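Have a look at the structure below before the remarks.
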Amino acid sequence: MAGGAREVVTLQLGHFAGFVGAHWWNQQVWTPGAAPAELFGISSSEFQPVSCESSSPRSVPPQDAALVRPADGKEPPGELCPDVLYRTGRTVHGQDTYTPRLILMDLKGSLSSLKQEGGLYRDKQLDAAIAWQGKLTTHKEELCPKNPYLQTLGSAEGVLSSDGVWRVKSIPNGKGPLPLTTAKTPKPLMPTEGSIRVWSDFLRVHLHPRSICMIQKYNHDGETGRLEAFGQGESILKEPGYLEELEDRLHFYVEECDYLQGFQILCDLHDGFSGVAAKTAELLQDEYSGRGVIAWGLLPAPYSLGEPQKNIYRLLNTAFGLVHLAAHSSLVCPLSLGGSLGLRPEPPVTFPHLHYDATLPFHCSAILATALDTITVPYRLRSSPVSMVHLADMLSFSGKKVVTAGATIPFPSGQSLPDTLVQLGGATPWIPLSACGDPSGACCFAQSVVLRGLDRACHTSSQLTPGTPLPSPLHACATGEEVLAQYLQQQQPRALSSSHLLLTPCKVAPPYPHLFSSLSQQGLFLDGPPTRAAAESIPVFGALCSSSSLHQTLGGLARELTKLDLRRWASFMAAGVEQDDLEEMLQELYSLAQCYQDGSGLMD
C-alpha cells in the first residue's frame with residue numbers, strides 16, 4: 001500500500017445498501033467530461049495518462065483512470081486519500097487494477113447482468129481446471145440483459161476480451177496517451193430512472209472477484225422466500241458455510257493491509273440484513289479488537305400504513321439492529337430521508353435546491369451517498385487524518401453509541417462563508433438525515449462537521465469597507481477554518497466540536513441523477529432560468545451529532561414496541577427471536593435512550 005494509508009474495509013449488506021454503495025463508489029471515479037488529473041487535484045504535468053494500446057501491461061478501464069497513481073511515483077496532492085477505500089492489485093495477465101476494498105452481500109436475483117466474480121478479471125481459483133474426466137452435463141441459466149446505460153458506457157470505453165484483457169478503444173494513429181479534456185467534451189451518459197431496477201444497473205466501478213457474496217437461500221424478487229426478519233439474518237452467519245466465506249474474504253483484505261484502521265458497515269436496517277449486520281459487527285469485534293467499526297444503518301423512504309406487516313417488521317428490525325450494532329460497534333448512525341423511525345409515517349425531508357422522487361431508491365440513495373461521502377471525510381484525509389477509533393470516541397462518550405447525521409446538499413455558494421452562516425441565523429445549518437425528527441432546540445453533546453467544495457476566496461470576508469463595523473464576529477476571522485470553528489462554538493457552546501474545511505467538492509456527474517435544476521456545472525447557484533446542463537460537482541455541508549433528540553427517538557421506538565401484541569406477529573418470532581430476546585432488547589433500548597437526556601452533556 002502507498003504512503004502509509006490507513007486502510008478501511010467496507011462491508012455492504014443488503015440491496016438498498018447496494019444502491020447507496022454504488023453511488024458512493026461511482027463518486028470516486030473519472031466520468032466523461034472531466035479530465036482525470038483534475039478530479040484529484042493532480043496537475044497535467046504530474047499525471048501520466050494510461051496508454052491506449054491494448055497490449056500495455058498497465059492498461060485499465062478508463063473509468064478507473066483517475067485512480068491510477070502518477071507514473072513518477074509522487075503522491076497526488078489531493079486532500080482525500082483514495083487508498084483508504086481502494087486496493088491495488090494485478091490480474092493474471094499482469095494488468096494493474098484498483099478496486100474497492102469491499103465485501104458485498106445480497107440475495108439471489110439481485111445482480112441482474114453483473115457476474116458474481118465481477119467483470120474486471122478472473123480469480124485463479126475460479127479458473128481452476130476441472131479434474132473430472134467423465135461425462136458432464138451443463139445447466140446454463142439465461143443471462144439477464146445488460147442495462148442500456150451500461151451497454152452504451154461499455155461501447156464508449158472498450159470491452160473485456162475472452163482472454164481477460166481490457167481492450168480500450170484506440171485513438172487516431174493507434175498510439176499515445178488518452179487525450180486530456182478539451183472545451184468540446186462529449187455529452188455525459190445518463191441512465192433513465194425507469195431503466196434502474198437494481199444497484200448493478202448503474203455501478204461504474206469494477207469489483208474484485210472476492211467482493212460479492214450471494215445469499216442463495218433467500219430471494220430478492222417475489223413475495224416468498226424473502227429475508228424479512230432480524231432472526232433470519234442472524235441465522236445466516238450461524239451457518240458454517242456463510243460464516244467461513246465471510247471470514248475468508250475478511251482475511252484476504254485484512255492481511256494485505258499495512259495500517260488497517262477499521263471497518264465500515266453499510267447495512268439495511270429495515271429487513272433481515274439488520275441481523276446479518278449485527279452478527280457481522282460481533283464477528284469484527286471478536287476477531288479485530290481495537291479496530292474501529294462504524295455502522296451506517298440505511299432505511300429507504302417512504303412507507304405507508306397500508307402494509308401493516310412490513311411496517312411492524314421494519315420497526316422490529318430497526319430496533320434490534322440499532323441495539324445489537326451499538327453493542328458491537330464503535331459508532332452507529334441511521335441514515336434515511338424519512339421523517340420518522342416509528343410507525344407513524346412522516347413526509348420525507350426536503351432540500352431547498354434539490355428535487356428528488358422519494359419513491360425511487362436511485363434518487364434517495366444518491367443523496368445519502370453524497371452525505372456519506374462528506375461525513376466520512378475525517379478518516380479518509382491524506383494529511384492529518386482522524387482515525388475511526390478517535391472519531392468514534394469523541395462522539396460516543398458515556399455510552400452514546402448512536403449518532404445522527406445531517407447535510408446541506410448543496411451548500412449555498414456565491415458569497416463569503418461568514419455572510420452565508422450569518423444569514424442562517426440560529427437555525428440548524430443542515431437537513432436531518434437520520435429520521436429522528438427536527439433537531440431544532442436539541443442539546444448537542446459532540447459533533448463532527450465537514451464543509452467541502454467552497455472556493456478559497458469565499459472562506460473569509462474580503463469586501464468590507466475599512467472603518468465600518470463588522471456584521472458579525474465571523475467576519476473578523478482570518479481563515480475559513482476559524483470561521484467554521486467559531487460558528488460551531490456560537491451554535492453549540494457546550495458541545496465538543498471537530499471541523500474540517502476542504503476545497504474538494506462532491507462529484508455528482510452521471511450516473512448521478514439530475515436533481516439540481518438551478519446550479520451550474522461547478523455547483524454555483526444561478527439567478528437566471530434553470531439550466532439543462534447537469535451539475536458535475538457541488539459544495540456540501542455535513543455533520544455527525546450526538547444529540548439529545550435521540551432520547552425521544554429511541555425512547556419512542558421502545559414505547560411503540562411495548563404496545564404491540566406480539567402474538568399477532570408470531571412469524572417474526574418464529575424466525576429465531578425469542579420472547580426473552582425481545583424483552584432484553586427493549587430494556588437495552590430504554591437504557592440507550594437514557595444516555596441522551598439533556599443533563600448528560602460534557603459540562604455536567
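It should be emphasised that the depicted structure is a prediction, and the values quoted were computed from it without experimental measurement.
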Kindly indicate whether the side chain of [X], heavy atoms from C-beta on, has any atom under 4.5 Å from the side chain of [Y].
{"X": "I294", "Y": "F263", "answer": "no"}
{"X": "V377", "Y": "L80", "answer": "yes"}
{"X": "L589", "Y": "F320", "answer": "no"}

Classify the side-chain pair E7/Y253 by whether it contains a donor and acceptor separated by less than 3.5 Å.
-> no
Regarding Q12 and W25, is there a side-chain donor-to-acceptor distance under 3.5 Å anywhere?
-> yes
So, for [X] and [Y], which heavy atoms are closest and what is the spacing to 0.1 Å?
{"X": "L331", "Y": "A392", "answer": "CB-CB, 4.1 Å"}
{"X": "S330", "Y": "S396", "answer": "O-OG, 3.6 Å"}
{"X": "V403", "Y": "L550", "answer": "CA-CD1, 4.0 Å"}
{"X": "L368", "Y": "L335", "answer": "CD1-O, 4.0 Å"}
{"X": "G342", "Y": "S340", "answer": "N-OG, 2.9 Å"}
{"X": "P334", "Y": "L269", "answer": "CB-CD1, 4.4 Å"}

Stepwise side chain to side chain contact (heavy atoms under 4.5 Å, CB included) check, Q232 with Y218 = CA-CA 10 Å; Q232 291 174 309; Y218 293 104; 3.6 Å; yes
Is there a side chain to side chain contact (heavy atoms under 4.5 Å, CB included) between H328 and V293 once you walk through the steps?
-> CA-CA 8 Å; H328 300 294; V293 178; over 6 Å; no
Please test T10 against W296 for side chain to side chain contact (heavy atoms under 4.5 Å, CB included), starting from the C-alpha separation and ending with a verdict.
-> CA-CA 11 Å; T10 302; W296 309 101; over 6 Å; no
With ring centroids as reference points, do H15 and F19 lie under 6.0 angstrom apart?
->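 Yes, close enough.
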Ring centres under 6.0 angstrom apart (H23, F202) |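 They qualify: ring centres under 6.0 Å apart.
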Decide side-chain hydrogen bond (donor to acceptor under 3.5 Å, both in side chains) for T370 and Q27; before the verdict, give the C-alpha distance in whole Å, the side-chain angles of both, and the deciding distance to 0.1 Å.
-> CA-CA 8 Å; T370 300; Q27 287 176 325; 3.2 Å; yes
Kindly indicate whether a cation-pi arrangement holds for R210 with F252, taking the cut-offs as under 6.0 Å to the six-membered ring centre and within 45° of the axis.
-> yes
Give the C-alpha distance, both sets of side-chain angles, the deciding distance and a yes or no for side chain to side chain contact (heavy atoms under 4.5 Å, CB included) between L243 and L283.
-> CA-CA 9 Å; L243 179 60; L283 171 67; 4.3 Å; yes
If the plane angle is over 60° it's perpendicular, under 30° parallel, otherwise tilted; pick one for Y356 and F351.
-> perpendicular
N219 side chain vs R226 backbone, donor-acceptor pair below 3.5 Å | no
The single option from L341, V402, T404 passing side-chain contact (heavy atoms from CB on, under 4.5 Å) against T553 |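 Output: one option passes, namely L341.
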Derivation and outcome, ring pair (Phe, Tyr, Trp, His ring centres under 6.0 Å), residues F230 and F572 | CA-CA 8 Å; F230 180 87; F572 185 92; 7.7 Å; no
Would you mind checking if [Y] and [X] are paired as a salt bridge, meaning a charged N to carboxylate O distance below 4.0 Å?
{"X": "R452", "Y": "D373", "result": "yes"}
{"X": "R87", "Y": "E256", "result": "yes"}
{"X": "E228", "Y": "K310", "result": "no"}

